[in-house]
Enquirer: 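Attaching a single structure in structure tokens format; questions to follow.
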Amino acid sequence: MTYKDPHRYDDLLETERPVSKVHKPMPMSERAAQFSPFAALTGYDAAIRETARLTEERTDLSEERKEELDRIIQYLSTVKDAPVQITWFEEDMYKEGGAYRTCSGILKKADPISGRLVLRDGTSIPSADITEIDSPLLAEMREEEYV
């Protein structure tokens with residue numbers, strides 16, 4: 001076993017820090033950035049946020065409610081520039097469930113072939129996912145049904 005002198009670098013304790021003749025000293029803010037923490041587990045924060053994100057369960061509509069929504073869609077599609085507020089269920093792409101979305105606008109068309117409602121601003125909503133439609137024009141529709 002070889003003996004190493006514990007004081008062999010004592011002469012370095014009293015020396016000045018070397019200063020480059022070529023490079024200017026680095027500002028303290030940049031020096032600190034060299035030692036900032038890094039993300040050792042890349043993607044871990046995103047995975048935690050995704051797990052914590054809540055989704056809602058889809059509520060099944062009764063057959064009567066589906067028929068009522070169909071009648072409302074048919075009626076509003078005959079009215080030009082019908083103002084509507086629509087609530088629908090949007091499936092989540094990454095986990096089970098989804099979220100209920102609501103938007104307002106002017107109904108441009110109800111496309112029975114694609115099964116979608118299209119608003120003037122370009123929003124396209126699947127008719128099968130609609131849970132609620134509201135419009136000031138619905139009072140007129142209901143009056144016509146009772147006459």
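Values below: every heavy atom of this structure, side chains too, minus hydrogens, waters and symmetry copies.
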Enquirer: Could you tell me whether Arg65 and Glu132 make a salt bridge, using a distance below 4.0 angstrom between a side-chain N and a carboxylate O?
Expert: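 Salt bridge flag = yes for Glu132 with Arg65.
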Enquirer: Going hydrophobic residue to hydrophobic residue with side-chain gaps under 4.5 angstrom, can you get from Leu107 over to Val118?
Expert: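 No; tracing contacts between hydrophobic side chains, which count when under 4.5 Å, never links both residues.
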Enquirer: Do the side chain of Lys95 and the main chain of Arg53 share a donor and acceptor less than 3.5 angstrom apart?
Expert: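 Judged by distance alone, yes, a pair lies under 3.5 Å.
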Enquirer: Inspect the contact between Lys108 and Asp81 and indicate whether a charged nitrogen and a carboxylate oxygen are less than 4.0 angstrom apart.
Expert: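 Lys108 and Asp81: not salt-bridged.
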Enquirer: Got a second to check how far Asp70's CG is from Ile72's CD1, nearest 0.5 Å?
Expert: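 Atom-to-atom, Asp70:CG and Ile72:CD1 are 9.5 Å apart.
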Enquirer: Please determine whether residues Ile106 and Ile133 belong to a single hydrophobic cluster, defined as Ile, Leu, Val, Met, Phe, Trp and Tyr linked transitively by side-chain heavy-atom distances below 4.5 Å.
Expert: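 No, it is not one cluster - the side chains of Ile106 and Ile133 are not joined through contacts under 4.5 Å.
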Enquirer: Can you find a pair of side-chain heavy atoms, one from Ser124 and one from Leu117, that are under 4.5 Å apart?
Expert: no
Enquirer: Calculate, to the nearest 0.5 Å, the distance between atoms CG and OG1 belonging to Leu61 and Thr131 respectively.
Expert: 6.5 Å
Enquirer: Could you tell me whether the side chain of Thr123 and the main chain of Leu119 form a donor-acceptor pair under 3.5 Å?
Expert: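 Judged by distance alone, no pair lies under 3.5 Å.
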Enquirer: Salt bridge check, Glu68 against Arg71: does any charged N sit closer than 4.0 Å to a carboxylate O?
Expert: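 Salt bridge between Arg71 and Glu68, a charged N being under 4.0 Å from a carboxylate O: no.
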Enquirer: Is it true that Thr102 and Thr87 share a donor-acceptor pair across their side chains at a distance under 3.5 Å?
Expert: yes
Enquirer: Please determine whether side-chain contact (heavy atoms from CB on, under 4.5 Å) holds for the pair Ile130 and Ile73, giving the CA-CA distance in whole Å, both sets of side-chain angles, and the decisive distance to 0.1 Å.
Expert: CA-CA 10 Å; Ile130 294 174; Ile73 291 170; 4.3 Å; yes
Enquirer: Distance check, rounded to the nearest 0.5 Å: Leu54 atom CG versus Asp92 atom CG?
Expert: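 Reported value, rounded in 0.5 Å steps: 11.0 Å.
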Enquirer: Main chain of Lys109, side chain of Ser77: is a donor-acceptor contact present, judged purely on distance under 3.5 Å?
Expert: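 A pair under 3.5 Å: no.
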Enquirer: Is there a path of hydrophobic side-chain contacts, each under 4.5 Å between heavy atoms of I, L, V, M, F, W or Y residues, that connects Leu69 with Phe89?
Expert: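 Leu69 and Phe89: separate clusters.
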Enquirer: Given the rule that I, L, V, M, F, W and Y join up when any side-chain heavy atoms are under 4.5 Å apart, are Tyr100 and Val84 in one cluster?
Expert: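 No, Tyr100 does not connect to Val84 through the hydrophobic network.
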Enquirer: Show the nearest heavy-atom pair for residues Arg58 and Asp129, with the distance to one decimal.
Expert: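 Residues Arg58 and Asp129, closest heavy atoms: NH1-OD1, 3.2 Å.
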Enquirer: Are any non-hydrogen side-chain atoms of Trp88 and Ser127 less than 4.5 angstrom apart?
Expert: no
Enquirer: Got Ser104 and Pro83 here, is their nearest side-chain heavy-atom distance under 4.5 Å?
Expert: no
Enquirer: Does Arg116 use its side chain to pair, donor to acceptor, with the backbone of Ala128 at less than 3.5 Å?
Expert: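 Judged by distance alone, no pair lies under 3.5 Å.
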Enquirer: Minimum heavy-atom separation for Tyr75 and Leu137, please, with both atom names.
Expert: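 Heavy atoms of Tyr75 and Leu137 come nearest at CE2-O, 3.6 Å.
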Enquirer: Crowded around Glu57 CD? As in, over 12 foreign heavy atoms under 6.0 Å?
Expert: no
